[in-house]
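One-based numbering, in listed order, for ligands and for the atoms of each.
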Amino acid sequence: MKVTDHIQAAKGETLFSFEIIPPVKGKSIQELYGNIDPLMEFKPPFIDVTTSREEYVYLDRDGLLDKKLTRMRPGTLGICASITHKYNVDTVPHVLCGGFTKEETEYLLVDCHYLGIDNVMALRGDAMKEEKYFLATSGGHQFASDLVQQINDLNKGNYLHEVIETDNCANFCVGVAGYPEKHMEAPSLKSDLKRLKHKVDLGADYVVTQMFFDNKKYFEFVDEARKMGINVPIIPGIKPIAVKRHLQLLPQVFRVDIPEDLIDAVEGCKNNKEVRQVGVEWCIQQSKELKEAGVPVLHYYSMGKSDNIKAIAKEVF
Ligand SMILES: Cc1cc2nc3c(=O)[nH]c(=O)nc-3n(C[C@H](O)[C@H](O)[C@H](O)COP(=O)(O)OP(=O)(O)OC[C@H]3O[C@@H](n4cnc5c(N)ncnc54)[C@H](O)[C@@H]3O)c2cc1C
């Protein structure tokens with residue numbers, strides 16, 4: 001079922017959902033299940049599964065370094081299939097521009113369709129670790145909007161190199177990313193919103209936001225988006241702070257601000273157990289206010305750990 005249909009069926013009730021990250025290559029999927037199991041009591045209608053970009057590794061071959069590409073956390077689609085099978089829940093694989101040619105993307109979408117996956121999240125992906133800026137993969141897309149276009153073309157039977165008349169067309173519901181504090185490369189929030197509008201105009205059905213710690217930023221973002229004519233659901237994505245280092249790491253990686261009160265509370269903690277509690281309490285307050293405001297879904301970035309998300313969901317749902 002499509003994410004937008006789940007939202008409609010909920011008739012204004014806020015739904016619970018979360019995002020998981022595939023395990024590092026070589027780890028067992030059982031570990032992942034161990035983190036999903038405790039969250040299923042909150043009845044997520046869909047679970048997102050991220051895709052990681054490939055990275056360079058340098059292998060020592062008789063004293064010479066051999067540069068190879070590898071993906072540390074493969075298996076997004078396999079995980080989607082097994083989660084759907086095990087829990088009878090919809091899954092949303094993240095599909096990236098970076099690291100994929102358009103043809104590979106087409107085959108991935110065909111696999112999704114065969115597996116009965118109705119939703120995909122269309123993302124550009126970040127620059128590779130070694131690169132300062134995002135560089136499109138040869139034969140791949142430059143922007144998420146190009147990916148949205150490809151998915152919607154495929155929904156109409158327009159494959160890359162042929163048009164196929166069929167009554168078995170895919171009908172993907174497409175999610176895209178939005179940034180209440182603007183994307184790090186965008187010159188202004190307004191120009192970033194114009195890019196978001198372009199993704200929606202090309203057929204994106206809903207938006208999931210980057211994490212934020214101040215709800216005001218989300219509410220203002222939604223107001224601005226609506227003024228610009230972006231009328232699809234805008235799902236807030238949130239994450240509890242879990243360790244002291246997040247105070248530096250999250251702004252550095254995601255370019256998000258952390259409110260002074262939260263910084264003070266975290267800095268006042270004696271250890272990370274206390275930080276975790278502060279993060280959970282902050283996230284509960286955020287969630288309650290967002291739910292009160294009638295957001296369609298509260299989407300949690302679990303980062304593969306469920307204990308804090310469960311503590312939050314217990315208070316909110
Ligand atoms: C909900 C969510 C889930 C995510 N999941 C993943 C994941 O699974 N794996 C992963 O690697 N990353 C993930 N990311 C991170 C994401 O890939 C990065 O933030 C990436 O840098 C931008 O992706 P995008 O889809 O927003 O890109 P885009 O929408 O393409 O935007 C990228 C930048 O280009 C600008 N722009 C867009 N179109 C144009 C244009 N035509 N001309 C000039 N500038 C333009 C935008 O303003 C923006 O600054 C996720 C992010 C979010 C919010």
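Closer than 4.0 Å to atom 31 (O) of ligand 1 lies none of the heavy atoms of the protein.
Of the protein's non-hydrogen atoms, the one nearest atom 25 (O) of ligand 1 is R124 N, 2.9 Å. At the shortest separation from atom 47 (O) of ligand 1 among protein heavy atoms lies D192 OD1, 2.7 Å. Looking only at protein heavy atoms, the nearest one to atom 15 (C) of ligand 1 is D126 OD2, 4.2 Å. Nearest protein heavy-atom contact of atom 13 (C) of ligand 1 is L123 CD1, 4.2 Å. Nearest protein heavy-atom neighbour of atom 1 (C) of ligand 1: Y301 OH, 3.2 Å. The nearest protein atom to atom 34 (O) of ligand 1, hydrogens excluded, is given as F143 CE2, 3.6 Å; this is a heavy-atom distance. With hydrogens left out, the protein atom closest to atom 19 (O) of ligand 1 is Y179 OH, 2.7 Å, a heavy atom.
Taking the side-chain contact (heavy atoms from CB on, under 4.5 Å) definition, one finds that F143 meets it with S145, D146, sequence neighbours left out. Residues passing the salt bridge (charged side-chain N to carboxylate O under 4.0 Å, His left out) test with E281, sequence neighbours excluded: none.
Crowding of D223 atom CG: a count of heavy atoms from other residues, nucleotides or ligands under 6.0 Å exceeding 12.
At least one donor-acceptor pair under 3.5 Å links the side chain of D205 to the backbone N or O of V174. One N or O on the side chain of Q150 and one on the backbone of K102 form a donor-acceptor pair closer than 3.5 Å. Under a 3.5 Å cut-off, the side chain of N35 and the backbone N or O of S306 do form a donor-acceptor pair.
Between T50 and P22, some side-chain heavy-atom pair lies under the 4.5 Å cut-off.
With rounding to the nearest 0.5 Å, the separation of CZ in F46 from CG in D48 is 6.0 Å. Taking CG from L64 and CG from L59, the interatomic distance works out to 12.0 Å, rounded to the nearest 0.5 Å.
Distances below 4.0 Å separate heavy atoms of H183 from the following atoms of ligand 1: 19 (O), 20 (C), 21 (O), 22 (C), 32 (C), 33 (C), 48 (C), 49 (O). Short contacts between ligand 1 and M121, defined as distances under 4.0 Å to a heavy atom of the residue, involve ligand atoms 1 (C). For ligand 1, the atoms sitting less than 4.0 Å from at least one non-hydrogen atom of V208 are 1 (C), numbered in the order shown with element in parentheses. With ligand atoms numbered from 1 in the order given, ligand 1 contributes 53 (C) to contacts under 4.0 Å with heavy atoms of Q210.
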Could you walk me through whether D66 and R61 pass the salt bridge (Lys or Arg N to Asp or Glu O under 4.0 Å) test, one step at a time? CA-CA 7 Å; D66 199 3; R61 301 239 193 259; 3.1 Å; yes

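For atom 8 (O) of ligand 1, the candidate residues are K199, R195, H94; the nearest heavy-atom contact is made by H94. Of the candidates T50, T51, V49, T51 brings a heavy atom nearest to atom 10 (C) of ligand 1.
For the ligand labelled ligand 1, residue K182 lies outside the 4.0 Å heavy-atom shell.
Only the side chain of L96 comes within 4.0 Å of ligand 1, judged by heavy-atom distances.
Here's the thing with A177: none of its N/O atoms is less than 3.5 angstrom from an N/O atom of ligand 1. Geometrically, ligand 1 and S52 share no nitrogen or oxygen pair separated by less than 3.5 Å.
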